[in-house]
Amino acid sequence: MLKIGCHLSSSAGYLAMGKDAEKINANTFAFFTRNPRGGSAKPINEADVAHFLEFAKERGISHLVAHSPYTLNPCSAKPELRDFAKRTMADDLHRLEYTPGNFYNFHPGSHTGQGEDIGLLQCAQMLNDILPLSQTTTVLIETMAGKGSEIGKTFEQIAKIISMVEDKSKLGVCLDTCHIWDGGYDIVNDLDGVLTQFDKTIGLHNLRAIHLNDSLNPCGAHKDRHAKIGEGQIGQEALCRVINHKALHSLPFILETPNDEAGYAREIAMLREAYKY
Ligand code: FE
Ligand code: FE
Ligand code: ZN
């Protein structure tokens with residue numbers, strides 16, 4: 001069965017997210033571990049988590065992809081911002097042990113003028129500091145569109161980060177279709193070629209989740225503006241080929257398209273209909 005869901009609001013707790021997922025026929029979901037702009041996280045409500053875990057098990061909801069606040073910058077030129085990113089992600093990893101065995105994805109950051117090599121190194125250093133804190137959560141580096149001084153915009157850069165991480169047992173990659181398209185990878189005309197390239201540089205065994213988004217902009221635009229499935233320049237057909245690709249079809253797919261609940265329900269229904277497995 002297709003593993004698909006979308007970003008859900010975590011403000012009402014875990015069980016509420018589980019019920020929201022069920023309403024739109026999702027069997028996975030993503031959520032921000034705290035306000036996406038950073039700040040402190042709400043304390044974990046253990047009774048809520050226990051109810052959620054039971055609910056999720058009954059309903060086949062799994063492979064959650066928690067998202068770190070997108071304002072964190074592990075490779076800022078400012079040491080206090082790098083430190084803040086590390087402390088926040090370390091705290092998230094502790095909290096995520098309440099819902100064990102899932103994923104936690106993050107943006108590798110923007111080097112803010114330090115140069116790509118320093119950025120990649122600082123990102124890897126942070127991972128070396130925080131990964132030992134994870135018991136069961138797999139941390140996923142997200143592929144980025146390359147706007148501004150963002151790192152992680154090429155498969156080579158992601159591979160370089162991974163190569164500098166000592167313990168890779170809890171490390172993986174989350175591929176965002178809008179981001180790689182904006183980064184110059186033509187998944188419309190050459191999905192096989194792009195995935196072959198991914199395999200040769202990063203290794204497909206490291207690919208653990210997909211952010212399934214259309215893009216408002218053309219391939220290589222480095223813009224990062226998401227569109228609804230079929231309303232962007234990637235298009236519905238190409239995104240249906242993504243969910244059905246033999247190397248990808250069993251991964252969890254997370255929609256980050258600009259939708260309300262009804263819109264997500266429609267996209268999920270359409271993609272389930274298009275799924276061939
Ligand atoms: Fe993201
Ligand atoms: Fe994404
Ligand atoms: Zn994006």
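Start at 1 and go down the list; that is how both ligands and their atoms are numbered. Values below: all heavy atoms of this structure, side chains included; hydrogens, waters and symmetry mates excluded.
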Of all N/O/S atoms in H211, the name of the one nearest the Fe ion (ligand 2): ND1
Modelled atom types, side-chain donor and acceptor of H107 and N105, under 3.5 Å: no
Minimum-distance N/O/S atom that E256 presents toward the Fe ion (ligand 2): OE1
Y14/F31 aromatic ring centres below 6.0 Å: yes
Count, waters excluded, of protein N, O or S atoms under 2.8 Å from the Zn ion (ligand 3): 3
Any donor-acceptor pair under 3.5 Å from H51 side chain to A47 backbone: yes
Which N, O or S atom of D176 lies nearest to the Fe ion (ligand 2), by name: OD2
Any side-chain donor near an acceptor of the partner, H111 and E116, under 3.5 Å: no
No-hydrogen, no-angle side-chain donor-acceptor test under 3.5 Å, H179 and N213: no
Pair K3-S62, side-chain donor/acceptor within less than 3.5 Å: yes
Aromatic contact, H7 with F32 (centres under 6.0 Å): yes
C174 near the Fe ion (ligand 1): N/O/S under 2.8 Å: no
Gap between atom CG of D20 and atom CD of E261 - 0.5 Å precision: 6.0 Å
Closest approach to the Fe ion (ligand 2) by E142, given as the N, O or S atom name: OE2
